[in-house]
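To keep things clear, I will list the structure first and then write my remarks on it.
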Amino acid sequence: MNLIDGKQISATIKDEIANEVRRIIDQGGKVPHLAAILVGEDPASETYVSSKARACKQVGFDSSTYRFPADVTEEELLEAVAFINNDPEVDGLIVQLPLPEHIDNQKVIQHIVPEKDVDGFHPVNVGRMTIGLPSYVSATPYGIMELMMRSRIETKGKHCVILGRSNIVGKPMSLLMARNEEPGNATVTVCHSKTKNLKEMAASADILIVAIGQPEFVTADMVKEGAVVIDVGIHRVPSDKTKSGFRLIGDVRFDEVSRKASHITPVPGGVGPMTIVSLLMNTLKASRKEIYG
Ligand code: GUN
């Protein structure tokens, strides 16, 4: 079994980005700048946004956070998005989700100009990816493609089974794995809550991507000998073996599945560390105007 080490791969990519920022500065160019909008005081969102700011600092990007109280109006948020859209200093903008109930997430996302939508959530970016045009790809699918590329996983002609059909993971993963490009060129099956023979489908996969949101759902009997297993899940469960009193597990039973898999991502330290790096890669692309010219 080969461990796909997301921690190590993400550190390598951060070094590459930091070198690129140094080169930009040496040539008198503009330092990439990521802005984030954070609404309310949700602890998970606070953590995400501060990790993103820290990652920007590590690679030499500028970053700014626009904070709003939970009772901000939709209009005020749309105004803030418009302001950042027009700020030539800012290359990429993310609006941390979830937003409070009274705000229409889609309306806010669609207010971001596609050129700055480094989360890849705007329908223009999703549509462009769907038809194979250059686009920002959202963090998790982009990170998984990068993990596969850098781990030299052969995808061409392989049967890729994806468990989960969400807009931010399963759906884009299915398009990327089936595209006429490498990594890609796989034969893709998407399984979801209404799939009848999910176990059999999973067991027929050469590449199994699990984003089903259920702790340790995938067991060894659902995995083919020699399969590549990518675990997108992350769950905090109580543990009496750790100081903190909890530990992190994925959607895959790592102990038993790792004995059958040829390659597998651990949790933590697999897909997770790649997501912030994907955002940095997209912000670099935005500052270079790589997608939209
Ligand atoms: N909330 C949880 N994950 C994400 C993400 O990738 N982007 C944004 N904007 N919000 C999130």
Side-chain angles (χ1 to χ4, degrees), residues 6 10 13-14 32-56 61 63-68 70 72 74 77-78 80-81 84-85 90-101 103-126 129 135-147 164-173 175-176 209 211-213 230-236 248 250-251 267-268 270-286:
S10 64
I13 298 174
K14 272 190 191 164
H33 185 150
L34 174 67
I37 291 181
L38 175 59
V39 179
E41 282 160 18
D42 173 49
S45 293
E46 294 267 3
T47 306
Y48 282 135
V49 170
S50 55
S51 323
K52 286 166 191 171
R54 198 173 334 117
C56 282
F61 286 5
S63 74
S64 42
T65 305
Y66 290 75
R67 289 170 176 273
F68 292 90
V72 66
E74 192 174 273
L77 264 194
L78 295 176
V81 170
I84 300 167
N85 281 342
V90 174
D91 302 294
L93 166 62
I94 59 162
V95 177
Q96 188 62 36
L97 303 175
L99 292 171
E101 289 274 317
I103 292 167
D104 180 347
N105 285 8
Q106 269 306 318
K107 198 165 170 185
V108 175
I109 288 168
Q110 289 182 35
H111 216 64
I112 302 172
V113 283
E115 291 84 346
K116 294 194 181 184
D117 167 43
V118 287
D119 253 335
F121 288 168
H122 193 291
V124 167
N125 279 312
V126 178
M129 184 198 62
S135 67
Y136 298 114
V137 174
S138 57
T140 304
Y142 188 8
I144 294 171
M145 296 309 276
E146 201 67 22
L147 276 183
R165 58 177 161 187
S166 70
N167 282 341
I168 60 167
V169 185
K171 213 179 281 177
M173 266 331 296
L175 292 161
L176 292 167
I209 300 176
I212 206 161
I230 308 285
D231 187 351
V232 184
I234 185 150
H235 312 275
R236 213 172 131 131
L248 296 174
D251 286 356
V267 177
V271 174
M274 293 300 292
T275 57
I276 285 189
V277 157
S278 301
L279 190 63
L280 297 177
M281 292 192 287
N282 277 342
T283 305
L284 186 60
K285 285 183 182 178

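Each ligand, and each atom within it, is numbered from 1 in the order the structure gives. Worth saying up front: this structure is predicted, and the values here are computed from it rather than measured. All residue numbers in this chain count up from 1 along the given sequence.
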Give one line per pair: atom of ligand 1, protein atom, distance. Only N/O to N/O under 3.5 Å.
residue	atom	partner	partner atom	Å
ligand 1	1 (N)	Gln96	NE2	3.0
ligand 1	1 (N)	Leu97	O	2.9
ligand 1	7 (N)	Asp119	OD1	3.3
ligand 1	7 (N)	Asp119	OD2	3.1
ligand 1	9 (N)	Val95	O	2.8
ligand 1	9 (N)	Asp119	OD2	2.6
ligand 1	10 (N)	Gln96	NE2	3.3
ligand 1	10 (N)	Leu97	N	3.0

Less than 4.5 Å apart, any side-chain heavy atom of Glu46 and any of Leu38?
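Contact flag for Glu46/Leu38 side chains = yes.
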
Heavy-atom side-chain proximity of Leu279 to Val118 below 4.5 angstrom
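They are in contact (side-chain heavy atoms under 4.5 Å apart), so the answer is yes.
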
Identify the heavy atoms of Asn125 and Ser135 that sit nearest to each other, and give their distance.
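Nearest pair, atom of Asn125 first, then Ser135: O-CB, 3.5 Å.
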
Could you tell me the separation between the CG atom of Asn105 and the CD atom of Glu74, rounded to the nearest 0.5 Å?
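With rounding to 0.5 Å, CG (Asn105) is 9.5 Å from CD (Glu74).
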
How far does CG of Leu248 sit from NE2 of His235, to the nearest 0.5 angstrom?
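It comes to 10.0 Å.
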
Would Arg67 and Glu41 pass as an ion pair if we require N to O under 4.0 Å?
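Here Arg67 does not pair with Glu41 in a salt bridge, since their nearest N and O are not under 4.0 Å apart.
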
